[in-house]
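Keep in mind the model is a prediction, meaning the values are calculated, not measured. Ligands are counted one by one from 1 in listed order, and the atoms in each one are counted from 1 as well. Keep in mind that the numbers below use all heavy atoms, side chains included, and drop hydrogens, waters and symmetry copies.
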Amino acid sequence: MILGTGMDTFAFRRPDLLSQVQVFEVDHPATQAFKLNRLAELEWEIPSNLHFVPVDFTKESLADALKGTSYDLQTKSFFSWLGVTMYLTRNEVFATLRSITDIAPVGSVVIFDYFVPEEATSHIKEMQEDLRKIGEPIKTTFDPSTLAFELESLGLRLHENLSPSDIQERYFQSRTDGYYASKHVRLARAVVE
Ligand SMILES: C[S@@+](CC[C@H](N)C(=O)[O-])C[C@H]1O[C@@H](n2cnc3c(N)ncnc32)[C@H](O)[C@@H]1O
């Protein structure tokens with residue numbers, strides 16, 4: 001399940017994995033409509049295991065949106081939620097995480113990235129100002145030292161809480177394309193209990 005999928009092309013890049021899993025792209029209706037148009041223009045074939053679910057996290061619950069889709073409540077699931085928590089309010093983030101613990105079986109996994117409050121350096125402030133100007137203000141940050149406690153109240157156990165340098169070391173150090181980890185974002189991996 002790829003929440004706030006944007007232009008992510010996982011389902012098109014990894015046909016090897018797609019033969020083993022069902023992929024759900026859950027995104028804001030406007031973004032998803034744009035993407036579906038682009039896919040049609042490009043004449044990309046939509047794999048039969050790929051499902052599109054339009055949801056506005058500020059207006060409806062993920063659990064309700066998945067009702068009536070082919071999402072199987074019995075199957076352990078992996079929820080990837082990248083580049084989204086910062087644009088929602090804390091209540092909206094928690095409501096979506098609660099939806100995950102409501103619908104997904106024990107052992108399901110959610111990963112999400114988040115901004116940290118004390119990292120409000122001048123560089124971050126500049127970036128926040130730029131984001132605000134384009135209508136995407138940063139609304140939510142998490143304190144890494146209390147995240148485990150906050151998630152526990154939702155029925156999630158925090159298994160990993162990677163710092164920017166952890167992310168750099170694990171995912172970027174052997175890359176040769178010049179990409180590097182954001183210096184301001186942490187990555188959490190939590191398991192439904
Ligand atoms: C910065 S993009 C991240 C896209 C992708 N996950 C990635 O990492 O490349 C933010 C995504 O969050 C989605 N999003 C923002 N607000 C949302 C909302 N209220 N409901 C659903 N999706 C939302 C946008 O539609 C967009 O796809």
Salt-bridge present (E92, K139; N to O < 4.0 Å) |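 No, this pair does not count.
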Pairing of R13 and D8 as salt bridge, 4.0 angstrom limit |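 D8 and R13: salt-bridged.
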Closest non-hydrogen protein atom to [atom], residue and atom name please, with distance?
{"atom": "atom 22 (N) of ligand 1", "value": "H28 N, 3.3 Å"}
{"atom": "atom 7 (C) of ligand 1", "value": "L82 O, 4.1 Å"}
{"atom": "atom 11 (C) of ligand 1", "value": "G4 O, 3.7 Å"}

For atom 5 (C) of ligand 1, the option (of T5, D8, T58) bearing the nearest heavy atom |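 The residue whose heavy atom sits nearest atom 5 (C) of ligand 1 is T5.
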Selection from L62, V84, L88 by shortest heavy-atom distance to atom 12 (O) of ligand 1 =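 Closest candidate by heavy-atom distance is V84.
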Are a donor atom and an acceptor atom from the side chains of S99 and D102 found within less than 3.5 Å of each other?
->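 Per modelled atom types, S99 and D102 side chains form no pair under 3.5 Å.
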Using distance alone, with no hydrogens and no angle criterion, decide if S145 and D143 have a side-chain donor and acceptor under 3.5 Å apart.
->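 Yes - a donor-acceptor pair under 3.5 Å links their side chains.
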Heavy atoms from other residues, nucleotides or ligands near [atom1] of [X] exceed 12 (cutoff 6.0 Å):
{"X": "F172", "atom1": "CZ", "answer": "yes"}
{"X": "E41", "atom1": "CD", "answer": "yes"}
{"X": "R175", "atom1": "CZ", "answer": "yes"}

Polar atom proximity, [X] to ligand 1 (N or O, under 3.5 Å):
{"X": "G83", "answer": "no"}
{"X": "L3", "answer": "no"}
{"X": "Y87", "answer": "no"}

Contact bool for atom 20 (N) of ligand 1 (protein heavy atom, d < 4.0 Å) |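 Yes, at least one protein heavy atom sits under 4.0 Å from atom 20 (N) of ligand 1.
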Atoms of ligand 1 close to [X] [distance to a heavy atom under 4.0 angstrom, numbered from 1]:
{"X": "V55", "answer": "20 (N), 21 (C)"}
{"X": "F57", "answer": "18 (C), 19 (N), 20 (N), 21 (C), 22 (N)"}
{"X": "T31", "answer": "24 (C), 25 (O), 27 (O)"}
{"X": "D56", "answer": "18 (C), 19 (N), 20 (N)"}
{"X": "G6", "answer": "4 (C), 27 (O)"}
{"X": "D27", "answer": "13 (C), 22 (N), 24 (C), 25 (O), 26 (C), 27 (O)"}

Just wondering, do F52 and T5 contact through their side chains at under 4.5 Å, heavy atoms?
->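 No, every pair of side-chain atoms sits at 4.5 Å or beyond.
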Residue among Y87, Y114, F57 satisfying ring-ring contact (aromatic ring centres under 6.0 Å, His included) with W81 |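 Between W81 and the candidates, ring-ring contact (aromatic ring centres under 6.0 Å, His included) is satisfied uniquely by F57.
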Out of I2, V109, L62, V192, which one pairs with F79 under the side-chain contact (heavy atoms from CB on, under 4.5 Å) rule?
->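 Checked I2, V109, L62, V192 against F79; only one passes side-chain contact (heavy atoms from CB on, under 4.5 Å): L62.
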